[in-house]
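For reference, the structure is listed below as structure tokens.
One is the number of the first residue; the rest follow in order along the sequence. For clarity, every value in this text was computed on a predicted model and none was experimentally measured.
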Amino acid sequence: MDRDWGSKPGSGGAASAQNEAIDRRERLRRLALETIDLAKDPYFMRNHLGSYECKLCLTLHNNEGNYLAHTQGKRHQTNLAKRAAREAKDAPTQPQPHKRKVALRKSVKIGRPGYRVTKQYDSETKQRSLLFQIEYPEIEDNTKPRHRFMSSFEQRVQACDKRYQYLLFHAEPYEIIAFKVPSTEIDKSTPKFFSHWDPDLKMFTLQLYFKTKPPESSKVPATSVPSANGTATPGVPPRPLPPLQAPPPPPPPPQGAPPPPNPVGNPSARAPPPPIGASQPPPPPPPSTANGPPRPIPPPMAGTGAMASFTPGLRPPMQSFMGQQIQNQVHFPPPLPPNMGQ
């Protein structure tokens with residue numbers, strides 16, 4: 001049967017205006033979530049009840065779509081403008097740095113200029129020098145060539161080598177040319193280092209001298225004299241050492257005393273001992289024999305060993321002190337060997 005009103009059979013019926021609004025808001029919410037990240041919104045907050053709040057406007061929202069619709073409304077936008085104006089007023093005014101704008105000049109390069117390099121040697125000062133002559137026949141009017149020194153660590157064309165540096169020349173509309181020279185200190189004195197531009201011949205001339213290195217043998221290490229506490233103060237000249245003094249002479253020997261003995265290392269030059277005089281005390285008497293002859297030493301016990309061949313006899317005579325008279329004889333100690341005392 002034909003129907004002039006309603007929906008198509010099996011379609012579930014026509015949607016009301018309320019259902020269409022809900023569907024539209026859901027589609028807008030999903031579209032907004034694809035373009036807007038709520039995690040980065042500083043005013044978006046989810047409370048413990050599961051609803052959403054706007055910390056700026058203090059409003060409560062049931063879902064994310066409702067909050068996104070609120071952010072596009074007049075109230076939220078007005079509060080954002082007021083907050084930005086208040087922060088700009090409270091923030092201190094900071095001076096803006098002056099940035100010089102340099103306009104990059106774009107010109108068509110016509111190639112590299114012609115050049116001539118001459119090596120020179122001064123026999124008087126023993127310095128080596130280089131003479132550069134650069135030709136710029138097509139240089140722009142009222143301009144002069146420029147040059148500069150570049151370290152090996154500044155350029156990016158070749159591998160870094162601290163033994164060399166680069167000398168650059170430039171003039172519009174020519175390309176920049178560079179020369180690789182030794183990384184030796186350059187003598188910047190007036191008569192040796194100079195540059196000249198000849199506007200008639202269109203030639204730029206530059207001459208430089210390298211300083212000579214002092215020989216290694218002439219470098220004498222400076223000796224530092226320690227101070228009283230063992231450390232030298234930097235920047236203060238060392239205190240001069242006092243002159244060496246000769247030792248005082250030995251005191252003269254007393255009268256009547258024997259001369260001092262010679263050194264021990266030379267026994268052949270020793271003086272003979274003085275004779276025994278009356279002023280010296282008498283020597284002790286020899287051992288007394290009033291108690292009879294000395295007692296014999298008992299024989300060792302029978303056995304074997306080192307004492308098996310021992311023969312008992314009398315005790316050997318006792319020796320007195322060195323230099324004492326025993327039985328009308330005077331004994332002196334034997335001379336020292338030559339190597340004693342050395």
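The OG atom of S51 sits 7.0 Å away from the CG atom of N62 when rounded to the nearest 0.5 Å. In this structure, CG in L60 is found 9.0 Å from CE in M45, a value given to the nearest 0.5 Å. With values rounded to the nearest 0.5 angstrom, Y164 atom OH is found 10.0 Å from T184 atom OG1.
Y115 and L201 fall into different hydrophobic clusters, where Ile, Leu, Val, Met, Phe, Trp and Tyr are joined by side-chain heavy atoms under 4.5 Å apart, directly or via other members. Cluster membership for F194 and M203, using ILVMFWY side-chain heavy atoms within less than 4.5 angstrom, is not shared. In this structure, I36 is a member of the same hydrophobic cluster as L56, with clusters built from ILVMFWY side-chain heavy atoms closer than 4.5 Å. In the hydrophobic clustering of ILVMFWY residues, with side-chain heavy atoms under 4.5 Å counting as a link, V117 and Y136 come out together.
When atom types are taken as modelled, the side chain of N63 and the backbone of N66 share a donor-acceptor pair closer than 3.5 angstrom. Distance alone, capped at 3.5 Å, places no donor-acceptor pair between the K192 side chain and the L208 backbone. Not one N or O on the side chain of D23 forms a donor-acceptor pair closer than 3.5 Å with the backbone of E26. With Q155 contributing its side chain and S152 its backbone, the two residues share a donor-acceptor pair below 3.5 Å.
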For side chain to side chain contact (heavy atoms under 4.5 Å, CB included), just list the numbers for I186 and Q165, CA-CA rounded to whole Å, side-chain angles, deciding distance to a tenth of an Å, and then say yes or no.
CA-CA 11 Å; I186 296 176; Q165 59 182 341; 3.8 Å; yes
Trace of the side chain to side chain contact (heavy atoms under 4.5 Å, CB included) decision for T71 with F44
CA-CA 10 Å; T71 56; F44 177 75; over 6 Å; no
Go through the steps for R163 and S183 under the test side chain to side chain contact (heavy atoms under 4.5 Å, CB included), then give the verdict.
CA-CA 5 Å; R163 298 176 300 172; S183 182; 5.5 Å; no
Set out, in order, the CA-CA distance, both residues' side-chain angles and the distance that settles side chain to side chain contact (heavy atoms under 4.5 Å, CB included) for R128 and T212, then state yes or no.
CA-CA 8 Å; R128 300 183 182 276; T212 57; over 6 Å; no
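A salt bridge is absent between K202 and D198; no separation between the charged side-chain nitrogens and carboxylate oxygens falls under 4.0 Å. A salt bridge between R30 and E34 is absent, with no side-chain N of the basic residue lying under 4.0 Å from a carboxylate O of the acidic one. Under the 4.0 Å criterion applied to side-chain N and carboxylate O atoms, K211 and D187 are not assigned as salt-bridge partners.
Aromatic ring pairs are classed by plane angle as parallel below 30°, tilted from 30° to 60° and perpendicular above 60°; the pair F193 and F149 is tilted. Below 30°, between 30° and 60°, or above 60°: for F204 and H147 the angle between ring planes is between 30° and 60°, a tilted geometry.
A 6.0 Å sphere centred on CD of E154 holds more than 12 heavy atoms belonging to other residues, nucleotides or ligands.
When all heavy atoms of F132 and L167 are compared, the pair lying nearest together is CE1-CD2, 3.5 Å. Residues S151 and Y166 share a closest heavy-atom pair of O-CD1, 4.3 Å. Annotation for E140 and T143: closest pair O-OG1, 2.6 Å, computed over non-hydrogen atoms. Heavy atoms only, all atoms of each residue included: E135 and R116 are closest at OE2-NH2, 4.2 Å.
Applying the salt bridge (Lys or Arg N to Asp or Glu O under 4.0 Å) rule to E124 yields no partners; only residues at least two apart in sequence or on another chain are considered. In this structure L131 satisfies the side-chain contact (heavy atoms from CB on, under 4.5 Å) test together with T118, Q120, Q133, T205, Q207, sequence neighbours excluded.
Side-chain polar atoms of S16 and Q18 form no donor-acceptor pair below 3.5 angstrom. There is a side-chain donor-acceptor pair under 3.5 Å between Y67 and D41. Looking at Q127 and D122, their side chains never bring a donor and an acceptor atom within 3.5 Å of each other. T78 and H76 form no side-chain donor-acceptor contact under 3.5 Å, judged by distance and modelled atom types alone.
Using a 4.5 Å cut-off on side-chain heavy atoms (C-beta onward), H61 and E53 make no contact. At a threshold of 4.5 Å between non-hydrogen side-chain atoms, the residues L38 and Y52 do not count as touching. The side-chain heavy atoms of H70 and C54, taken from C-beta on, include a pair separated by under 4.5 Å. A 4.5 Å side-chain heavy-atom check between R24 and R27 finds at least one atom pair inside the cut-off.
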Throw together a table of side-chain donor-acceptor distances under 3.5 angstrom for residues 169-181, partners on residues two or more places apart or in other chains.
{"from": "H170", "atom 1": "NE2", "to": "E172", "atom 2": "OE2", "distance (Å)": "3.4"}
{"from": "E172", "atom 1": "OE1", "to": "S107", "atom 2": "OG", "distance (Å)": "2.8"}
{"from": "E172", "atom 1": "OE1", "to": "K109", "atom 2": "NZ", "distance (Å)": "3.3"}
{"from": "E172", "atom 1": "OE2", "to": "K109", "atom 2": "NZ", "distance (Å)": "3.2"}
{"from": "Y174", "atom 1": "OH", "to": "E138", "atom 2": "N", "distance (Å)": "2.7"}
{"from": "K180", "atom 1": "NZ", "to": "Q158", "atom 2": "OE1", "distance (Å)": "3.4"}

